[in-house]
Amino acid sequence: MEFFQSVITALQCVDPHQKIEQCSKIYKNFARYDFAMNAPVYAWKEPSFTAFCTVVDPQKVPRRKRFDTKEGRAILLHAIAHIEYSAIDLALDAAQRFRNLPQKFYSDWIKVAYDECRHFLMIERLLHELGYRYGDFPVHSGLYDAAKATPTLIGRMSVVPRYLEANGLDANPKIIQKLAPFKDPFAQKIREALNIILQEEIDHVKRGDYWFRWACKVDGIDDLIAEYMKQVERVYPGTLHSKKDLNIAARKAAGFVCEEIELLAKDKISCK
């Protein structure tokens with residue numbers, strides 16, 4: 001089996017459950033794949049979710065609020081499902097786009113894709129319990145846009161795992177906290193799912209951190225913090241030095257050093 005073509009086929013798949021089945025097959029059979037026959041890099045032209053989701057401007061996506069209502073919870077779960085589904089494709093794209101790297105790179109990103117598949121299915125089941133499906137609410141293409149804007153390995157590892165996914169490490173506990181007043185069993189299910197995602201996303205950010213550092217070393221870049229800030233500023237100008245409620249413990253576990261955590265914060269903090 002040829003690895004890159006198999007990954008491209010999964011990336012192109014527009015049926016979520018078929019995509020997940022293909023990801024699972026690649027993950028479980030990784031050691032059997034042939035890396036010698038390099039299929040051409042797939043020029044990703046649109047995200048697979050356009051087949052079943054209405055894509056709108058981020059400002060028009062339904063707001064995540066009113067967690068005391070069925071619809072409010074469905075909107076929250078739908079947003080999380082969309083993040084997890086988009087993350088499957090981003091991991092697959094990383095695994096097919098960047099070539100001639102150590103095999104550990106491909107193993108890492110197939111593992112990430114497999115984890116995101118599990119996360120998506122977990123959230124999708126909760127959506128179904130409420131009587132909703134993925135695609136019932138409008139979505140934005142922010143994660144796909146980030147991938148398109150980062151064709152280099154350093155750029156991708158900076159912006160996707162070390163910036164966007166790391167932002168999720170900050171946001172996740174805040175959502176859990178907002179759900180805390182609700183003592184019903186379904187709210188508890190959501191909190192448990194978010195806790196699982198939080199712990200596993202730390203590992204994903206850490207893998208991105210490893211490959212960011214690896215790529216910087218290969219390119220002879222010594223000032224990693226300056227390089228990270230430069231890459232993020234290029235894609236998201238003006239967003240650095242503006243973060244509130246940073247999850248310092250999770251970021252440190254994922255590879256961030258105190259100096260860059262303190263630079264990201266809007267207010268003066270100490271992470272020592």
>> Go through it in stages, so that I can follow the logic: the residues are Arg118 and Glu84, the test is salt bridge (charged side-chain N to carboxylate O under 4.0 Å, His left out), and I'd like the CA-CA distance, side-chain angles, deciding distance and then a yes or no.
In response: CA-CA 9 Å; Arg118 291 188 297 100; Glu84 301 305 324; over 6 Å; no

>> Can you give me the closest heavy-atom contact between Ala81 and Leu127, atom names plus distance?
In response: CB-CD1, 4.4 Å

> Roughly how far apart are Gln12 CD and Gln5 CD, rounded to 0.5 Å?
Replying inline: 7.0 Å

> So, for Arg156 and Ala94, which heavy atoms are closest and what is the spacing to 0.1 Å?
Replying inline: NH1-N, 3.9 Å

> Charged N to carboxylate O below 4.0 Å: is that the case for Asp15 and Lys19?
Replying inline: no

>> A side-chain contact here means heavy atoms from C-beta on lying under 4.5 Å apart; do Tyr228 and Ile154 qualify?
In response: no

> Could you go step by step and tell me if His204 and Glu116 meet the side chain to side chain contact (heavy atoms under 4.5 Å, CB included) rule?
Replying inline: CA-CA 10 Å; His204 297 175; Glu116 305 294 11; 3.1 Å; yes

> Do Ile123 and Ile197 have side chains that get closer than 4.5 Å, going by heavy atoms?
Replying inline: yes

> Is there side-chain contact between Leu143 and Val160, with at least one heavy-atom pair below 4.5 Å?
Replying inline: no

> Do any N or O atoms from the side chain of Asp34 and from the backbone of Glu2 form a donor-acceptor pair under 3.5 angstrom?
Replying inline: no

> Heavy-atom distance under 4.5 Å between the side chains of Phe182 and Ile190, does that happen here?
Replying inline: no

> Can you get from Val205 to Tyr210 by hopping between Ile, Leu, Val, Met, Phe, Trp and Tyr side chains that sit under 4.5 Å apart?
Replying inline: yes

>> Apply ring pair (Phe, Tyr, Trp, His ring centres under 6.0 Å) to residues Tyr42 and Phe4 and explain how you reach the verdict.
In response: CA-CA 9 Å; Tyr42 171 55; Phe4 295 111; over 10 Å; no

> Quick one: do Lys230 and Glu227 make a salt bridge, cutoff under 4.0 Å?
Replying inline: yes

> Is the number of heavy atoms from other residues, nucleotides or ligands within 6.0 Å of CZ (Arg63) greater than 12?
Replying inline: yes

> Parallel under 30°, tilted from 30 to 60°, perpendicular over 60°: which one fits the rings of Phe35 and Tyr106?
Replying inline: tilted

> Are there more than 12 heavy atoms of other residues, nucleotides or ligands under 6.0 Å from atom NZ of Lys28?
Replying inline: no

>> With a 4.0 Å cut-off on N to O distance, would you call Asp209 and Arg207 a salt bridge?
In response: no

>> Give me the atom names and distance for the closest heavy-atom approach of Ser141 to Phe49.
In response: CA-CZ, 4.0 Å

> Would you find a donor on one side and an acceptor on the other, under 3.5 Å apart, between the side chain of Lys104 and the backbone of Leu101?
Replying inline: no

> Would you say the side-chain atoms of Lys70 pair up with the backbone N or O of Leu130, donor to acceptor, closer than 3.5 Å?
Replying inline: yes

>> Side-chain heavy atoms nearer than 4.5 Å, only ILVMFWY residues, links allowed to pass through others: does that put Ile83 and Ile175 together?
In response: no

>> Quick check for you: to the nearest 0.5 Å, what is the distance between Tyr33 atom OH and Phe3 atom CZ?
In response: 8.0 Å

>> For the CD atom on Glu21, are there more than 12 heavy atoms of other groups (residues, nucleotides or ligands in this structure) within a distance under 6.0 Å?
In response: no

>> Could you report the tightest heavy-atom contact between Ala253 and Lys206, atom names first, then the distance?
In response: O-CD, 3.6 Å

>> Any salt bridge linking Arg133 with Glu124? Criterion: basic side-chain nitrogen under 4.0 Å from a carboxylate oxygen.
In response: no

>> Can you confirm whether Gln22 sits close enough to Ser6 that some side-chain heavy atom of one is under 4.5 Å from a side-chain heavy atom of the other?
In response: no

> Taking C-beta and beyond as the side chain, do Pro138 and Pro62 meet within less than 4.5 Å on heavy atoms?
Replying inline: yes

> Is there a path of hydrophobic side-chain contacts, each under 4.5 Å between heavy atoms of I, L, V, M, F, W or Y residues, that connects Ile261 with Tyr236?
Replying inline: yes

> Stepwise, does the ring pair (Phe, Tyr, Trp, His ring centres under 6.0 Å) test hold for Phe98 with Trp211?
Replying inline: CA-CA 11 Å; Phe98 305 110; Trp211 290 108; over 10 Å; no

> Considering residues, nucleotides and ligands other than Asp184, do more than 12 of their heavy atoms fall under 6.0 Å from its CG?
Replying inline: yes

>> The test is salt bridge (charged side-chain N to carboxylate O under 4.0 Å, His left out); show your working for Asp145 and Lys148 and say whether it passes.
In response: CA-CA 5 Å; Asp145 296 338; Lys148 290 289 288 183; over 6 Å; no

>> Around atom CZ of Arg99, are there more than 12 heavy atoms from other residues, nucleotides or ligands closer than 6.0 Å?
In response: yes

>> Can you tell me if Gln177 has over 12 outside heavy atoms packed within less than 6.0 Å of its CD?
In response: no

> Yes or no on ring pair (Phe, Tyr, Trp, His ring centres under 6.0 Å) for Tyr132 and His78, after CA distance, side-chain angles and deciding distance?
Replying inline: CA-CA 9 Å; Tyr132 292 84; His78 194 277; 8.7 Å; no

>> What I want to find out is whether Asp57 reaches Lys60 closely enough, with some N-O distance under 4.0 Å, to be called a salt bridge.
In response: no

> How are the rings of Tyr134 and Tyr85 set relative to one another: parallel (under 30°), tilted (30 to 60°) or perpendicular (over 60°)?
Replying inline: tilted

> Are the side chain of Arg213 and the backbone N or O of Gly255 linked by a donor-acceptor pair below 3.5 Å?
Replying inline: yes

> Backbone N or O of Leu179 within a donor-acceptor pair of the Arg191 side chain at under 3.5 Å?
Replying inline: yes

> Is a side-chain donor or acceptor of Arg73 paired with a backbone partner of Phe67 at a separation under 3.5 angstrom?
Replying inline: yes

> Which heavy-atom pair separates Trp109 from Pro161 by the least distance, and what is that distance?
Replying inline: CH2-CG, 4.1 Å

> Could you go step by step and tell me if Arg66 and Asp68 meet the salt bridge (charged side-chain N to carboxylate O under 4.0 Å, His left out) rule?
Replying inline: CA-CA 5 Å; Arg66 294 300 306 273; Asp68 57 330; 3.1 Å; yes

>> Hydrophobic clusters here meaning ILVMFWY residues chained together by side-chain heavy-atom distances under 4.5 Å, can you tell me if Leu90 and Val7 are in one?
In response: yes

>> How long is the straight-line distance from CG of Asn247 back to CG of Asn172, given to the nearest 0.5 Å?
In response: 8.5 Å

>> Side chains of Glu165 and Leu169, heavy atoms from C-beta outward: is any pair under 4.5 Å?
In response: no

>> Rounded to the nearest 0.5 Å, what separates atom OG1 in Thr239 from atom CG in Leu264?
In response: 9.0 Å

>> Quick one: does any side-chain atom of Ser24 pair with a main-chain N or O of Ile20 as donor and acceptor, under 3.5 Å?
In response: no

>> Do Val257 and Leu224 make a side-chain contact, defined as non-hydrogen atoms from C-beta onward lying under 4.5 Å apart?
In response: no

>> What I want to find out is whether Asp170 reaches Lys174 closely enough, with some N-O distance under 4.0 Å, to be called a salt bridge.
In response: no

> Any sub-3.5 Å donor-acceptor pair from Ser107's side-chain atoms to Gln103's backbone N or O?
Replying inline: no

> From Ile80 CD1 over to Met122 CE, what is the distance, rounded to the nearest 0.5 angstrom?
Replying inline: 9.0 Å

> Looking only at heavy atoms, what is the nearest atom pair of Ala146 and Leu164, with distance?
Replying inline: CB-CD1, 3.6 Å

> Is there a path from Leu153 to Leu11 through hydrophobic residues (I, L, V, M, F, W, Y) whose side chains come within less than 4.5 Å of each other?
Replying inline: yes

> Could you state the interatomic distance from CD (Glu192) to NZ (Lys189), rounded to the nearest 0.5 Å?
Replying inline: 9.0 Å

>> Can a side-chain donor-acceptor contact be found between His140 and Gln59 if the only test is distance below 3.5 angstrom?
In response: no

>> Just to verify, which of Leu92, Ile8, Asp89 counts as forming a side chain to side chain contact (heavy atoms under 4.5 Å, CB included) with Trp44?
In response: Asp89

